[in-house]
Amino acid sequence: MTIKSLLSLLMCSLMLLACGEDERESPIPYVYVYVELNVNQLQYDDLRTKGYIYVPGGVRGLVVLAERGGNYKAFDRNCPFQPNDACALVEVDPSGFFMIDHCCSSTFDLEGFPTGGPARSIMRKYATQMEGNVLIITSQPL
């Protein structure tokens with residue numbers, strides 16, 4: 001083998017290791033989720049003003065994030081680092097730029113990927129779909 005081939009093989013191996021299974025799959029237990037929210041109701045006004053709300057569902061509740069263009073994302077609030085800890089609860093930072101679990105100090109971007117702290121796994125994400133003014137959040141593909 002040439003040095004160039006060995007370097008290519010090494011780089012590919014490192015890339016595969018960097019994308020380990022723990023970063024692709026969430027250790028949050030699977031639970032059935034089906035939530036309907038009429039986003040025009042006053043109780044969900046923070047979705048428009050703050051850009052997020054917390055609602056019941058999932059393992060430890062859901063955080064629903066508003067995106068531009070009327071799209072939404074929903075994540076389980078259960079932190080993927082030691083998810084069985086009583087305090088493993090993720091919330092949106094007051095800045096609105098990231099999410100944090102104050103128990104273990106893990107931080108996550110608004111796509112649910114870990115950005116700091118001990119967490120290495122993504123947050124559990126749920127499917128979302130708008131039907132008129134109703135946002136449907138489910139653990140099953142829509």
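Any value given below was found using the heavy atoms of this structure, including those in side chains, with hydrogens, waters and symmetry copies removed.
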J.: Are the side chain of Asp76 and the backbone of Val59 linked by a donor-acceptor contact shorter than 3.5 Å?
T.: yes
J.: Once you round to the nearest 0.5 Å, how far does CE of Met99 lie from OH of Tyr52?
T.: 11.5 Å
J.: In chain order, what residues pass the salt bridge (charged side-chain N to carboxylate O under 4.0 Å, His left out) check against Glu91, with sequence neighbours excluded?
T.: none
J.: Can you get from Val64 to Met130 by hopping between Ile, Leu, Val, Met, Phe, Trp and Tyr side chains that sit under 4.5 Å apart?
T.: yes
J.: Begin with the C-alpha distance, continue with both residues' side-chain angles, and end with the deciding distance and a verdict on side-chain contact (heavy atoms from CB on, under 4.5 Å) for Asn38 and Glu36.
T.: CA-CA 7 Å; Asn38 183 330; Glu36 290 186 3; over 6 Å; no
J.: Residues in ring pair (Phe, Tyr, Trp, His ring centres under 6.0 Å) with Tyr126, at least two apart?
T.: none
J.: When you look at Val92 and Tyr54, which way does the side-chain contact (heavy atoms from CB on, under 4.5 Å) test go after all the steps?
T.: CA-CA 9 Å; Val92 177; Tyr54 303 116; 3.9 Å; yes
J.: Scan for side-chain hydrogen bond (donor to acceptor under 3.5 Å, both in side chains) pairs involving residues 59-69, sequence neighbours excluded, and state none if there are none.
T.: Glu67-Lys73
J.: Apply side-chain contact (heavy atoms from CB on, under 4.5 Å) to residues Leu47 and Tyr72 and explain how you reach the verdict.
T.: CA-CA 10 Å; Leu47 203 49; Tyr72 299 90; 3.4 Å; yes
J.: Looking at Val63, Ile28, Asp101, Val55, which one forms a side-chain contact (heavy atoms from CB on, under 4.5 Å) with Arg77?
T.: Val63
J.: Who pairs with Thr115 by side chain to side chain contact (heavy atoms under 4.5 Å, CB included), at least two apart in sequence or on another chain?
T.: Thr107, Asp109
J.: Among Leu37, Ile53, Val35, which residue satisfies the side-chain contact (heavy atoms from CB on, under 4.5 Å) criterion with Leu62?
T.: Val35
J.: If hydrophobic clusters are built by linking Ile, Leu, Val, Met, Phe, Trp and Tyr wherever their side-chain heavy atoms come under 4.5 Å apart, do Phe108 and Leu110 end up in the same one?
T.: yes
J.: Suppose we screen for side chain to side chain contact (heavy atoms under 4.5 Å, CB included). Which residues come up paired with Tyr32, at least two apart in sequence or across chains?
T.: Tyr30, Tyr34, Ser139, Gln140
J.: Measure from the side-chain N and O atoms of Arg48 to the backbone N and O of Val39, and report whether any donor-acceptor pair falls under 3.5 Å.
T.: yes
J.: May I have the list of side-chain donor-acceptor pairs in residues 78-87 shorter than 3.5 Å, sequence neighbours left out?
T.:
unit_1 : atom_1 : unit_2 : atom_2 : d
Asn78  : ND2    : Pro83  : O      : 3.0
Asn78  : ND2    : Ala88  : O      : 3.3

J.: What pair of heavy atoms forms the shortest contact from Arg124 to Pro29, and how long is it?
T.: NE-O, 3.9 Å
J.: At their closest point, which heavy atom of Ala74 faces which heavy atom of Ile137, and how far apart are they?
T.: CB-CG2, 3.7 Å
